[in-house]
Amino acid sequence: MLRTANAPRPASRIRTPTSEAKPGKPAFSRRPAAGVHNADVAVLFDRLADLLEIQGANPFRVRAYRNAARTVGGLPRSVAAMVVEGADLSELPGIGKDLAGKIGEIVETGHLALLDETEKTVPRDLIELLALPGLGPKRVQRLHEELSIDTVGELRRAAETGKIAKLRGFSAEFERKILRDIGRRGAMERRTLLPAAEEIANELTAYLEGTPGVDRVIVAGSYRRRRDTVGDLDVLATSAPESPVMDRFLAFPGATEVLAKGTTRSTIRLRSGLQIDLRVVPGASYGAALVYFTGSKAHNIAIRRIGVGKGLKINEYGVFRDGKRVAGRTEEEVYAKVGLPYIAPELREDRGEIEAAAKGTLPRLIALGDIKGDLHVHTKASDGQDSIEAMAKAARERGYEYIAITDHTKHATIAHGLDSRRLARQLAEIDRVSSRLRGIKIFKSAEVDILGDGSLDLDDGILGELDFAVCAVHSQFDLPRAKQTARILRAMDNPRCTILAHPTGRLLNERLPYDVDMERLIAAARERGCVLELNAQPERLDLTDEHCKMAKDQGVKLAISTDAHSTATLDYMRFGIDQARRGWLEAKDVVNTRGMGELRKLWRR
DNA sequence: GCCGTTTTCGGCCCGACTGTTTTCAGTCG
């Protein structure tokens with residue numbers, strides 16, 4: 001359940017080539033401005049929505065732009081390519097004639113004239129103010145009008161000199177809160193990784209479960225949808241009306257602040273800055289409340305709208321017809337009332353899951369039990385902690401049929417990467433371990449560095465000794481998009497390159513993905529029979545959910561791999577499964593759900 | 001701005017909490 005503040009910030013306006021955009025040309029000869037990507041269109045629409053909101057525009061018009069941003073941002077195909085082909089964009093959900101035209105305009109010119117116009121009256125820096133808690137469009141508008149505040153810096157100065165408190169509707173307390181929030185703005189932008197969120201979620205759940213009168217406690221929100229990171233935790237409890245659960249929640253050890261306090265809803269903040277919402281409802285409302293509190297917001301709106309069409313009102317207490325509750329105890333009941341089968345939380349993003357549910361074409365999502373092996377792990381030979389034998393045994397304990405040992409190669413000096421000679425010795429060691437270990441197949445592999453020019457850092461001779469190779473970029477992250485893309489495409493041209501590991505190189509909260517044309521990588525993977533990795537390390541989760549879905553839609557296979565550097569982190573597989581489910585993946589889309597024989601065929605390119 | 005087995009106009013999801021509002025607007029999820 002997010003606000004726009006969490007949307008990625010645009011680095012700068014899209015470059016506008018001068019040779020494009022000749023008006024009056026028929027559709028088939030439309031030429032797109034160079035490098036307009038779906039994400040660019042989404043950013044411009046989102047920014048326009050923010051500014052229109054501050055301007056006090058019709059909220060439904062604002063929502064239309066936000067929906068369009070989400071639709072285009074999650075599209076499996078390049079919207080620029082669709083424009084060039086003359087596709088009818090108004091067939092996309094939430095895109096009408098006007099927005100189709102605006103998408104065309106952005107694709108052809110790199111600009112959105114309405115946004116440029118709007119920025120003349122509403123400074124775009126105001127969007128940053130919206131990100132501060134307690135500041136919505138109305139207050140930002142008043143600060144701008146009455147105190148000429150356009151930036152966070154100006155807001156801070158006004159607060160420090162007591163000017164804000166003098167405004168009607170503001171107070172000295174509000175002023176203090178604003179100054180505090182500005183101070184920790186940097187920290188608040190970090191989102192919490194799933195393992196850290198899980199630790200708190202488990203602790204809090206156990207803490208609340210013992211409370212008298214409490215029946216069930218469950219963490220909902222983006223945590224339950226298994227997003228790669230969470231902004232806050234949304235906890236739902238069912239209890240008897242007289243239960244002291246709310247007081248107990250407010251006293252949770254580690255809570256440093258109570259941000260809101262009510263009988264059915266309260267919010268605390270932990271020392272780490274993480275916010276936790278608790279919502280308490282009666283047991284009869286459990287299903288409806290769980291749907292409501294799991295979100296996403298867009299999914300809920302869509303579900304409720306279907307309800308309205310059927311004469312139903314849906315809120316967190318249940319499904320109501322003429323004021324009478326007709327469902328709400330379970331999630332299945334709620335979905336059934338709007339004529340839909342149960343939809344898994346990971347899919348609830350309004351990215352087509354409702355339409356698929358209505359048509360009966362929801363994917364049969366992959367589960368942890370489908371996984372038959374791990375195709376990317378390290379040992380002491382490079383930067384791992386455990387031996388080949390320990391890793392293989394740990395894989396066997398997890399019920400796997402196989403594991404691939406993929407230590408770094410020589411260019412990764414910091415990871416003590418293997419050169420040809422050391423790798424040859426390791427392959428011999430794998431043979432020795434294999435000869436004495438039953439019940440697990442150890443594949444010979446390596447995580448081969450893709451050099452700056454796209455060549456691999458081992459020669460074909462030693463590469464030929466491997467069962468398959470996992471290839472990855474570990475250097476020169478800042479190449480321009482065209483060069484980065486060409487570099488990786490060249491690596492994929494090598495028939496030894498079976499799996500492309502962590503394809504965007506992102507590290508959550510630390511390093512942005514390198515600039516690469518993922519649509520081209522996916523197309524290239526399809527043409528070459530190359531497999532894309534979904535790296536299950538919780539700080540990577542790379543590919544993203546949306547890229548997974550794009551790959552699946554193009555018929556590209558994925559490998560869900562832990563990149564484990566110790567036996568314990570083989571368990572990260574479940575985070576990869578979470579992400580895969582968000583990307584609509586089924587067992588058949590993932591190579592390491594296959595048995596050994598089938599796997600061997602797959603990577604014989 | 002989108003959309004239509006009642007509609008091309010008039011709707012558009014719904015409720016909790018906060019603050020200074022003396023009856024509700026703004027914010028948030």
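Chain naming here is simple, since letters A, B, ... match the order of the sequence lines and numbering starts at 1 in each.
- Within the 4.0 angstrom heavy-atom criterion, only backbone atoms of the sugar-phosphate kind lie near A:Arg139; the bases stay farther away.
- Across all strands, A:Ser266 comes closer than 4.0 Å to no nucleic acid atom at all (heavy-atom distances).
- At the heavy-atom level, A:Phe174 lies nowhere under 4.0 Å from the strands shown.
- A:Leu99 comes within 4.0 angstrom of sugar-phosphate atoms only, judged by non-hydrogen atoms across all strands, and of no base.
- Residue-level contact check: A:Phe320 touches neither bases nor backbone, having no heavy atom under 4.0 Å from any strand.
- With the nearest nucleotide of DNA chain B identified for both A:Leu312 and A:Ala260, A:Leu312 has the one nearer the 5' end.
- Remark: B:dG19 base-pairs with B:dC24; criterion is Watson-Crick or G-U wobble with both hydrogen-bond distances under 3.5 Å.
- Each of A:Asn315 and A:Asp277 lies near DNA chain B, and the nucleotide nearest A:Asn315 is the one positioned closer to the 5' end.
- Among the heavy atoms of the strands lying under 4.0 Å from A:Ile314 are primed sugar atoms or P, OP1, OP2 only; no base atom is included.
- Nucleic acid contact for A:Lys177: none, since no nucleic acid atom lies under 4.0 Å from a heavy atom of the residue.
- Checked against B:dG29, B:dG15, B:dG26, the side chain of A:Phe293 finds its nearest nucleotide in B:dG29.
- Atom name P, nucleotides B:dT20 and B:dC28: the rounded distance is 15 Å, in whole Å.
- The cationic group of A:Arg226 lies under 6.0 Å from the six-membered ring centre of A:Tyr223 and within 45° of the ring axis, placing it in a cation-pi geometry.
- Judged by a 6.0 Å distance limit and a 45° cone about the ring axis, A:Arg139 is positioned over the six-membered ring of A:Phe170.
- Nucleotides B:dG1 and B:dT6 have their P atoms positioned 28 Å apart, rounded to a whole Å.
- To the nearest whole angstrom, the two P atoms, one in B:dT21 and one in B:dA16, are 24 Å apart.
- For A:Phe60, whose side chain is taken as the heavy atoms from C-beta onward, the closest listed nucleotide among B:dT27, B:dC13, B:dG15 is B:dC13.
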Quiz item: Step by step, would you call A:Asp181 with A:Leu135 a side-chain contact (heavy atoms from CB on, under 4.5 Å)?
Solution: CA-CA 11 Å; A:Asp181 288 338; A:Leu135 280 187; over 6 Å; no

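- Between the C1' atoms of B:dC12 and B:dT23, the separation comes to 26 Å (whole Å).
- Note that the CG atom of A:Leu312 and the CZ atom of A:Arg305 stand 15.0 Å from one another [nearest 0.5 Å].
- In the set B:dT18, B:dC2, B:dG29, the nucleotide with an atom closest to the side chain of A:Asp98 is B:dC2.
- Across all strands shown, A:Asn58 has heavy atoms under 4.0 Å from base atoms, whether or not it also approaches the sugar-phosphate.
- Across all strands, A:Val308 comes closer than 4.0 Å only to sugar-phosphate atoms, never to a base (heavy-atom distances).
- Residue A:Arg269 contributes atom CZ, which lies 18 Å from atom P of B:dC17 at whole-angstrom precision.
- For the 3.5 Å distance criterion, the side chains of A:Arg47 and A:Thr118 fail to qualify, holding no donor opposite an acceptor.
- No engagement by A:Glu173 is indicated, since no non-hydrogen atom pair under 4.0 Å with the nucleic acid exists.
- Across the C1' atoms, B:dC2 and B:dT7 are found 14 Å apart, a figure rounded to whole Å.
- Note on A:Thr263: only backbone sugar-phosphate atoms sit closer than 4.0 angstrom, heavy atoms only; bases stay farther off.
- The cationic group of A:Arg304 does not satisfy the cation-pi geometry with A:Phe320, failing either the under 6.0 Å distance to the six-membered ring centre or the 45° limit from the ring axis.
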